[in-house]
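Notes follow the structure.
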Amino acid sequence: MSEILRRQIEKITPLTDQEFEYILSHFTLKKFKKHQILIQEGDTVQNDYFVMNGLLKASYLNKEGKEHIMQFAMEDWWITDYQAYFNQTEATFTIDALESTEVLTLSLYNREKLCADMHKIEHFFRKKSNNGYIALQRRILSLLNSNAKERYEQFISQYPTLLQRLPKTLIASYLGVSRETLSRLSV
């Protein structure tokens, strides 16, 4: 199962078996049941999560009680409330399991230790962070500049497997449209 993590790291930098064993020793395997919460808004965020299998969502509840989905995470993806994780402050997001999920958790302490000990891992996380910034910028620009139909088509194109795994209400929330609008778009 940990081979998923190794393959992801090796897309960026090669590893010896010994290096990977050392890296893996800094992670902890955790299992979550469907609907179980990993991070609750207001919690101190201890870990970054690498999804081995399953599906997670990060959402924000506004003052009116409306849920805004910030991110989904499926196999081979990372997820946490990064502001709270890196600043060791209270979470703004809630992250919960949409399916039974297994993750490898990485504490900030262990991440920093790995980066200090291994230039390869520091390089890996820098590249992953850069890609995350780019994805976030694209998402913001899409929300600002694209209409609902264009956002839906982008979602289908980028995440075809999520379309089968997610209820339409969650996809609608992620796209910033009503469930009814999404139904009209998906016909």
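Because the structure is predicted, anything quoted here is derived from the model rather than measured.
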#### Entry: K11 with D76: basic N within carboxylate O range, under 4.0 Å
yes
### Task
Give a yes or no on whether L38 and F27 share a hydrophobic cluster (residues Ile, Leu, Val, Met, Phe, Trp, Tyr; joining criterion: side-chain heavy atoms under 4.5 Å apart).
yes
### Task
Locate the shortest heavy-atom distance separating D48 from Y85; write the atom from each residue and the value.
N-CE1, 3.4 Å
#### Entry: Salt bridge E153-K149, side-chain N to carboxylate O under 4.0 Å
yes
### Task
Give the minimum heavy-atom separation between F20 and S2, together with the two atoms involved.
CZ-O, 3.4 Å
### Query
When you measure from the side chain of R165 to the backbone N and O of G54, does any donor-acceptor pair fall under 3.5 Å?
yes
### Query
Taking atom CG of L114 and atom NE2 of H26, what is their separation to the nearest 0.5 Å?
4.5 Å
### Message
A side-chain contact here means heavy atoms from C-beta on lying under 4.5 Å apart; do E122 and T13 qualify?
### Response
no
### Message
I'd like to know if F86 and L136 are part of one continuous hydrophobic network [Ile/Leu/Val/Met/Phe/Trp/Tyr, side-chain heavy atoms within less than 4.5 Å].
### Response
no
### Query
Does the side chain of F124 come within less than 4.5 Å of K120's, by heavy atoms?
no
### Task
Check whether F125 and L5 end up in the same hydrophobic cluster, where Ile, Leu, Val, Met, Phe, Trp and Tyr are linked by side-chain heavy atoms less than 4.5 Å apart.
yes
### Query
Looking only at side chains, do R179 and S183 share a donor and an acceptor under 3.5 Å apart?
yes
### Message
Counting only heavy atoms from other residues, nucleotides and ligands, does the tally under 6.0 Å from CD of Q18 exceed 12?
### Response
no
### Task
Apply the test side-chain contact (heavy atoms from CB on, under 4.5 Å) to residues L163 and I171: give CA-CA distance (whole Å), side-chain angles for both, the deciding distance (0.1 Å), then the verdict.
CA-CA 8 Å; L163 200 58; I171 295 171; 3.7 Å; yes
### Query
What are the two closest heavy atoms between E19 and P14, and how far apart are they?
OE1-O, 4.1 Å
## Note on the structure
Closest non-hydrogen contact found for G176 with R151 is O-NH2, 3.9 Å
#### Entry: Donor-acceptor pair between Q8 and W78 side chains, under 3.5 angstrom
yes
### Message
Nearest 0.5 Å, please: how far is CD1 in I95 from CG in D81?
### Response
6.5 Å
### Message
Please give me the minimum heavy-atom distance between E90 and G42, naming the atom from each residue.
### Response
CG-O, 3.3 Å
#### Entry: Among K31, E75, K30, side chain to side chain contact (heavy atoms under 4.5 Å, CB included) partner for E102
K31
### Message
Looking only at side-chain N and O atoms, does S129 offer a donor or acceptor that is under 3.5 Å from a partner on R126?
### Response
no
### Task
Anything under 30° is parallel, anything over 60° is perpendicular, the rest tilted; go ahead and classify F155 against Y174.
tilted
### Task
Say whether F93 and L175 are linked into one hydrophobic cluster, either directly or through other cluster members, by side-chain heavy-atom distances under 4.5 angstrom.
no
### Message
When you measure from the side chain of N47 to the backbone of Y49, do you find a donor-acceptor pair of N or O atoms at a distance under 3.5 Å?
### Response
no
### Query
Step by step, would you call Y22 with I121 a side-chain contact (heavy atoms from CB on, under 4.5 Å)?
CA-CA 11 Å; Y22 178 70; I121 291 303; over 6 Å; no
### Message
Any heavy-atom pair between the side chains of L166 and Y159 that's under 4.5 Å?
### Response
no
### From CA spacing to verdict: side-chain contact (heavy atoms from CB on, under 4.5 Å), L56, F32
CA-CA 10 Å; L56 304 172; F32 296 93; 5.7 Å; no
#### Entry: Side chains of S59 and E67, donor plus acceptor under 3.5 Å
yes
### Query
Quick one: do I156 and V177 end up in the same hydrophobic cluster if we chain Ile, Leu, Val, Met, Phe, Trp and Tyr together by side-chain heavy atoms under 4.5 Å apart?
yes
### Query
Taking C-beta and beyond as the side chain, do I4 and F50 meet within less than 4.5 Å on heavy atoms?
yes
### Query
Hey, is the main chain of T105 close enough, under 3.5 Å, to the side chain of T28 for a donor-acceptor pair?
no
### Task
Before giving the answer on side-chain contact (heavy atoms from CB on, under 4.5 Å), spell out for L170 and F72 the whole-Å C-alpha distance, their side-chain angles and the decisive distance to 0.1 Å.
CA-CA 10 Å; L170 295 182; F72 295 110; 4.2 Å; yes
### Message
Donor-acceptor check, side chain of T94 to backbone of E41, threshold 3.5 angstrom: yes or no?
### Response
yes
### Query
CD1/I69 to NZ/K57 distance, rounded to the nearest 0.5 angstrom?
5.0 Å
### Query
Nearest 0.5 Å, what's the CD1-NZ distance between I9 and K127?
15.0 Å
### Query
Going by heavy atoms in the side chains, are V51 and M74 under 4.5 Å from each other?
no
#### Entry: Short side-chain to backbone donor-acceptor contact, D43 and Q40, under 3.5 Å
yes
### Query
Does the S107 side chain pair with the main chain of Q46, one donor and one acceptor, at a distance under 3.5 Å?
no
### Task
Can you see which heavy atom on Q88 is nearest to which on V45, and at what distance?
NE2-O, 3.0 Å
### Distance (rounded to the nearest 0.5 Å) between M118 CE and H123 NE2
12.5 Å
### Query
Looking only at atom types and distance, does a side-chain atom of E150 sit under 3.5 Å from a main-chain N or O of N147, one as donor and one as acceptor?
yes
### Message
What's the separation between atom CG in L104 and atom CD1 in I23, rounded to the nearest 0.5 Å?
### Response
12.0 Å
